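Below is one structure, written out as C-alpha cells; comments come after it.
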Amino acid sequence: MISNIVVGISDMKMARNEGVLVTYALGSCIGICLYDPVVKLAAMIHIMLPVKLGNSNDNVFKFADSGIPETLRKMEIFGAVRSRIVAKIAGGARMFDIPGNGSLGNIGMRNIESVRQTLRAQGIRILKEDVGANYARTLYFDCKTGNGVIKSYGRNEIVL
Amino acid sequence: MEIRSYDEMNKDEIDVFREIGSIGTGNAATALSTTLSATITMSLPEVNILDYSTVSAFLGGPEKIIAAVLVHISGDIEGIMLYLLDLNFINFVLEKLNLECIKTYEDLTDLDKSAISEVSNIIISSYASAVSQLAGINTRLSVPAMAINMLGGIMSVPMSEYGYVTDKMMMIGGNFVYENQEMTSNLLMLPDIKSLNFLLKKLGVICD
C-alpha cells in the first residue's frame with residue numbers, strides 16, 4: 001500500500017505506474033489531472049489563479065496558463081507523448097454568493113475559462129470535468145487506472 | 001517605507017492590529033452580550049500572519065467543515081473580512097437564542113443560518129468600527145454572505161482575491177469567554193495592500 005501523494009496549493013506532483021495523487025478542498029482553485037495511459041504517467045496541478053501577470057517570480061504552478069505548459073514539458077521529459085495525454089479537471093467553485101458585487105468571488109469562473117483555453121491551446125482534450133457550483137472538492141487521481149474521484153461536503157462521491 | 005506584503009510588517013505595525021483586534025473583540029463581546037443577553041468577556045487577541053500553505057492546517061485541516069461569513073469592505077479602505085465559526089460557538093449562539101442545538105452542520109435550518117449570519121455580521125461590524133474609529137476613516141460593509149463547506153475551499157476565496165500581490169494573510173484570533181468556557185473566534189482581516197499602507201500611515205506607524 002502506497003500512501004497518497006499530496007499536492008498542495010500552487011503545487012504539482014507526478015506519479016508513474018501506481019500511486020494516488022490527491023489535492024484537498026479545492027474551492028475556486030482548480031485541480032488538473034494530466035494522464036498518459038500508455039506509460040501510466042500522471043500529473044496533478046493545483047492552480048489558484050487564471051493567468052500569470054507581468055514577469056513575476058511567482059511559482060509557475062500558481063497560474064493555469066503557466067502551470068499547464070510547464071507540467072506538460074516535464075511529462076514529456078519523463079516519456080509521455082503529447083498526443084496521448086488527456087485531462088480531467090475539477091474545482092472552480094463560487095464559494096460565496098455575494099449580493100451586488102460581481103467581481104469578488106467570481107475567480108472560479110475565470111479559472112475554469114483559463115484552464116480550458118490553455119488545454120485547448122496545448123492540444124489536450126478534457127475527458128471529464130466537474131467544475132463550478134458552490135462547493136469545495138477533494139480530488140483523488142489513481143495513476144494505475146486513470147480514474148479520478150471527487151469527495152465533497154454533503155454530496156455523493158463522483159467518479160471522474 | 002511602503003509595505004508590499006503582510007509579512008513585511010514589523011512588530012510595531014502588527015501591534016497596531018493587535019490593538020484594533022483588542023478593541024474590536026471588546027466591542028464584539030459587548031454587542032454579543034446585549035444581543036444574546038449573556039455576560040460574555042474576551043481573552044487577549046492574537047494577530048497571526050499566516051502563509052497560504054499553512055493557514056488550513058493552522059485552523060484544523062483543509063477538509064474540516066466550517067461556517068464562514070464574508071463581508072466586503074469599501075470606502076476609504078478596500079478589503080474583505082471573513083469570520084469563521086466553529087460548531088461550539090454556533091451551538092452557544094443557538095442556545096442563547098432559544099433555538100435547537102445542532103450535532104452537525106447539516107442540521108442547520110434556514111432560521112439558524114440567518115441567526116448565525118446576523119451574529120457574525122455584528123462581530124464583523126465591531127471590528128470594522130474599531131478600525132474606522134481608530135484611524136478616523138469611513139468604511140462601508142456589504143451584505144454578509146455565508147458558506148458552510150470545507151475550510152480549504154473557503155480559504156481559497158481570500159487567497160485568490162489577493163493571490164497576485166501576496167501569499168500571506170492576517171488573522172485576528174480573540175476568544176470569547178462565557179462562564180469559564182472559551183469559544184474560538186477567528187477573523188481574517190484583509191485590507192488590500194494599498195489600504196494596508198494607507199491605514200498604517202493614518203495610524204502613525206509608518207511615515208512618508
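Lettering of chains follows the sequences in order, A, B, ..., and the numbering in each one begins at 1. As the structure is a computational prediction, the values presented were derived from the model and not from experiment.
Note that OG of Ser10(A) and CG of Asp167(B) are 8.0 Å apart. Values are rounded to the nearest 0.5 Å. Between Ser28(A) atom OG and Met159(B) atom CE the span is 9.5 Å, to the nearest 0.5 Å. Taking CE from Met150(B) and CE from Met95(A), the interatomic distance works out to 8.5 Å, rounded to the nearest 0.5 Å. A distance of 9.0 Å separates OG in Ser156(B) from CE in Met48(A), rounded to the nearest 0.5 Å. Here CG of Asp51(B) is found 9.0 Å from CD1 of Ile9(A). Values are rounded to the nearest 0.5 Å.
Within a 6.0 Å sphere centred on CD of Glu46(B), heavy atoms belonging to other residues, nucleotides or ligands number 12 at most. Lys64(B) NZ: more than 12 foreign heavy atoms inside a 6.0 Å radius. Counting heavy atoms of neighbouring residues, nucleotides and ligands inside a 6.0 Å radius, atom CD of Gln117(A) does not exceed 12 of them. More than 12 heavy atoms of other residues, nucleotides or ligands lie within 6.0 Å of CZ in Arg84(A), so this atom counts as buried by the packing criterion. By the 6.0 Å contact criterion, CD on Glu182(B) is enclosed, its count of non-hydrogen atoms from other residues, nucleotides or ligands being greater than 12. Environment of CG in Asn17(A): crowded, with over 12 heavy atoms of neighbouring residues, nucleotides or ligands closer than 6.0 Å. Applying the 6.0 Å contact sphere to CE of Met109(A) captures no more than 12 heavy atoms from other residues, nucleotides or ligands.
Between the side chain of Lys62(A) and the backbone N or O of Gly163(B) there is at least one donor-acceptor pair closer than 3.5 Å.
With a 4.5 Å cut-off on side-chain heavy atoms, Tyr153(A) and Glu106(B) count as touching. Here the side chains of Glu161(B) and Ile107(A) are not in contact, with every heavy-atom distance at 4.5 Å or above. In this structure, the side chains of Ser160(B) and Leu49(A) come closer than 4.5 Å at one or more pairs of heavy atoms.
Contact of Ile154(B) with chain A is made through backbone and side chain together, with heavy-atom distances under 4.5 Å. Leu26(A) touches chain B through its backbone: at least one of N, CA, C or O sits under 4.5 Å from a heavy atom, while the side chain does not. Only the backbone of Asn134(A) has a heavy atom closer than 4.5 Å to any heavy atom of chain B. Contacts of Met155(B) with chain A are absent, with no heavy-atom separation under 4.5 Å from either backbone or side chain. Proximity to chain A involves both the backbone and the side chain of Ile148(B), based on heavy atoms less than 4.5 angstrom apart.
The minimum heavy-atom distance linking Asp97(A) with Ala145(B) is given by the pair O-CB, 3.4 Å.
The only member of Val69(B), Val71(B), Ile80(B), Leu82(B) that meets side-chain contact (heavy atoms from CB on, under 4.5 Å) when paired with Phe96(A) is Leu82(B).
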